[in-house]
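The chains referred to below are lettered A, B, ... by the order of the sequence lines, with proteins before strands, and numbering in each begins at 1.
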Amino acid sequence: MKTRKILAAAAAVATAIAGLATASLAEPFDDGQSKTYYEKLTGKKVGFVPLSMGFDLTEGWNAGLQNQAEALGYEVTIRDPNWNTEAGVQAANGLIAEQPDVLILHPLDMQAYNRTVQKAMASGINVIQVNLKSVTNGDVYVGTDWYEMGQKQAQAVVDACGEGSGGNGKIAFVQGMLATPTATISGQGAQDVFDQHPEIEVVATQAADWDASKAQAITSTILKQHPDLCGILGLWDGQDIGTAAAIREAGVQDQVFLVTSGGGNQSAACDNIENGNFDAYYSYDVPGQARDLNSAVKILLQTDPEPGSAPFALYTPLKYITKENMTASSCWTLDELKANGG
Amino acid sequence: MLKGLNQERIVGVIAVLLFVGFAIGLPGFLGGANILSLIQNVSILGILGIGMAIGIIGRGIDLSMVSTMVISVAWMLVMVNDGTHLWLAVALAFGFAVIVGLVNGFLIAYVEVPAIFATLAMGIVVYGFGKSFMIGQDVVYLPQGESWFYRIGSGQVAGIPNPVIAFALVALVAALFLKFTKVGRYVYAIGNNVATARITGVPARPVILAQYVLIAVIAVVAGIVVATAVTSMNTRLALSTQVYDVILVVVLGGIGLSGGKGGVRNVIVGTILIGILLNGMTIMNLGYTTQNIFKSVILLAAIVIDTMLNPRDEQTAQHGDI
């Protein structure tokens with residue numbers, strides 16, 4: 001009995017000494033700010049409601065978010081509503097009940113999350129909206145300026161087909177699903193540019209519903225009708241792979257200039273620029289957005305502002321990719337991002 | 001004279017009228033190339049429609065068709081991208097679809113779940129299962145390859161676009177199946193009256209099983225045409241309303257939802273009408289919503305005219321539609 005007690009005491013002393021030793025060894029250098037930085041981030045909770053997991057953008061952002069969260073000791077919880085707005089609102093409400101420190105929303109349309117954003121902020125949660133924005137501002141918007149995107153894409157078509165280009169100015173606009181903010185806002189941006197260029201004739205504006213087969217059908221009909229078409233403005237790589245297929249089938253790849261946009265994923269963007277499907281591509285560079293997203297999260301976690309008191313935006317610098325300027329690092333792959341993104 | 005006008009003929013007449021109208025009013029509509037592209041643009045809808053028709057003739061329906069198409073073909077592309085041999089991947093994709101068809105058929109024939117619920121649920125199961133375990137990404141891209149397989153959806157033979165040929169082949173095989181095989185005739189018998197069919201010795205349950213397997217296989221064929229045409233497969237299609245477009249084509253062509261009636265010709269007529277409409281409206285550059293209004297008004301008109309000319313009698317009404 002006695003020996004046991006002595007042994008136990010000895011063990012306790014040994015552990016305490018060992019503990020002291022590791023504690024003194026692990027005391028990191030503090031440059032005056034780094035200690036509070038790590039302390040403020042550790043143990044925090046971040047909620048993320050994407051449109052849906054499983055596609056290049058959300059998977060990319062998530063890879064970046066998880067990398068930083070793991071490195072810094074906070075937690076990013078995902079609720080996947082799989083393209084369903086109602087499920088998204090429910091998921092967001094569920095997260096609000098769990099009181100995370102920051103809530104990241106990726107809204108499908110401009111109205112659906114308005115009240116969710118307000119509710120989260122009212123209960124003391126900082127809100128970040130990524131790549132798509134509700135009408136209601138959260139604390140941060142990280143993502144594309146869709147109006148700028150429309151303008152830049154339209155300008156690319158104007159440069160290829162407008163005055164001084166040698167083109168005849170006949171272009172077509174393959175729209176996306178009309179209710180989505182990307183389609184409406186980009187559409188307006190593009191229209192505003194075309195309005196300034198009377199030499200540009202938009203011979204067709206048709207919605208393809210983000211569906212490659214529909215884009216193909218529409219484009220092939222337009223090309224039959226206007227065999228001398230000079231350019232096409234498309235709004236999303238996944239859809240415009242169909243637009244490109246119709247152009248290829250009509251044998252007018254050299255004549256028709258196709259500009260599209262997307263997250264800049266290797267197989268969606270660079271592979272298709274390489275093989276001539278797309279002539280030009282505006283990328284909103286998902287690794288860059290992941291980095292911005294992480295910055296916003298870390299700023300909010302450190303400063304912990306009263307929700308809505310100091311809103312700011314980080315609009316994504318757009319990357320213009322063509323066959324001529326493309327390099328090995330123009331696009332990204334998910335494996336890369338998972339390994340060292342964010 | 002009006003008596004002979006069934007829905008198929010009414011739709012045929014509407015199609016001809018539209019065709020003539022567009023041909024006169026729209027420059028460029030009547031070109032041989034435009035006519036071919038018109039059919040090409042609806043050939044996938046047509047292929048799916050033929051599968052759906054086989055279901056509806058047997059007084060069933062398959063709402064899981066688009067999910068089956070999307071998931072099996074996307075899975076095939078994933079496998080090919082990961083280095084699986086092309087033909088093995090194709091075989092596995094068909095194998096997966098056959099399993100889906102068997103489960104559908106089993107639920108409907110043996111568990112006696114109404115087709116509309118069984119396939120509605122299966123569609124969700126197939127999509128969910130596929131997205132969780134088989135396919136990581138929403139959009140899967142087609143690798144570049146030399147095999148003729150990659151040209152099923154694009155390119156042409158003797159000036160006819162390959163998807164049109166695929167549509168024609170599927171239509172031909174389905175027509176032969178429905179007209180001349182024993183199982184095909186049984187499908188009509190079951191669609192007319194399943195109880196009577198069983199009393200007279202038709203093996204109703206195995207036939208229903210075969211029916212849904214066939215539909216799933218046709219769905220994969222349609223998917224292969226889609227994927228090779230646009231060099232990718234977007235799994236989000238499974239969440240779209242495409243399946244209603246498919247039903248629209250079938251019903252528009254005059255295949256009644258009460259089963260036992262109609263054939264491949266009806267699907268072709270319905271598909272071509274939709275093709276003419278879409279093509280003409282695209283040429284006119286009509287807006288998206290306007291196009292939808294026209295599509296539905298034409299469908300309603302066809303059904304209303306049919307109901308007026310062929311009113312329901314006691315016999316056709318007793319089974320009831322879905």
Just how far is it from atom [atom1] of [X] to atom [atom2] of [Y], taken to the nearest 0.5 Å?
X	Y	atom1	atom2	result
B/N81	A/S267	CG	OG	8.0 Å
B/S132	A/M53	OG	CE	12.5 Å
A/K224	B/F29	NZ	CZ	13.0 Å
A/I218	B/M281	CD1	CE	10.5 Å
A/W210	B/R236	CH2	CZ	9.0 Å

Subject >> Contact leader toward chain B among A/G242, A/A204, A/A245, where contacts are heavy-atom pairs under 4.5 Å >> reply: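 Most heavy-atom pairs under 4.5 Å with chain B: A/A204.
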
Original post:
Under a 4.5 Å heavy-atom cutoff, which of A/D211, A/D56, A/D209 has the most pairs with chain B?
Top reply: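 Of A/D211, A/D56, A/D209, A/D209 has the most heavy-atom pairs under 4.5 Å with chain B.
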
Report yes or no: do [X] and [Y] form a side-chain donor-acceptor pair below 3.5 Å?
X	Y	answer
B/Y141	A/N272	no
B/N285	A/Q206	yes
A/T221	B/N41	yes
B/D138	A/S52	no

**OP:** Assess whether atom CG of A/D195 is packed by more than 12 heavy atoms of other residues, nucleotides or ligands within 6.0 Å.
**Re:**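 Yes, enclosed.
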
Original post:
For atom CZ of B/F149, is the number of surrounding heavy atoms from other residues, nucleotides or ligands below 6.0 Å larger than 12?
Top reply: yes

**OP:** Measure the shortest side-chain to side-chain distance between A/L334 and B/Q137 over non-hydrogen atoms and say whether it is less than 4.5 angstrom.
**Re:**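 They are in side-chain contact.
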
Original post:
Checking A/D271 against chain B: side chain, backbone, both or neither under 4.5 Å from a heavy atom?
Top reply: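 Neither; nothing under 4.5 Å.
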
Subject >> Which portion of A/A244 sits near chain B, non-hydrogen atoms under 4.5 angstrom >> reply: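 When you check distances to chain B, no heavy atom of A/A244 falls under 4.5 Å.
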
Subject >> Heavy-atom pairs under 4.5 Å with chain A, option from B/Q242, B/M284, B/Q40 with the top count >> reply: B/Q40

Subject >> When B/I283, B/N234, B/V139, B/L286 are compared by non-hydrogen pairs under 4.5 Å with chain A, the top option >> reply: B/I283

Of the backbone (N, CA, C, O) and the side chain (C-beta and beyond), which part of [X] lies under 4.5 Å from a heavy atom of chain A, both, or neither?
X	answer
B/M233	neither
B/Q291	side chain
B/Q156	neither
B/L38	neither

Original post:
B/S232 and A/I241: which non-hydrogen atoms are nearest, and at how many Å?
Top reply: OG-CG2, 3.4 Å

**OP:** For the pair A/N82 and B/Y127, evaluate side-chain contact (heavy atoms from CB on, under 4.5 Å) and give the outcome as yes or no after the intermediate values.
**Re:** CA-CA 11 Å; A/N82 197 21; B/Y127 175 76; 3.4 Å; yes

Original post:
Are A/R248 and B/T231 close enough, and set up right, to give a side-chain contact (heavy atoms from CB on, under 4.5 Å), and what steps lead you there?
Top reply: CA-CA 11 Å; A/R248 192 174 53 238; B/T231 63; 3.6 Å; yes

Original post:
Using a heavy-atom distance cut-off of less than 4.5 Å, which residues of residues 273-280 of chain B contact chain A?
Top reply: B/N279

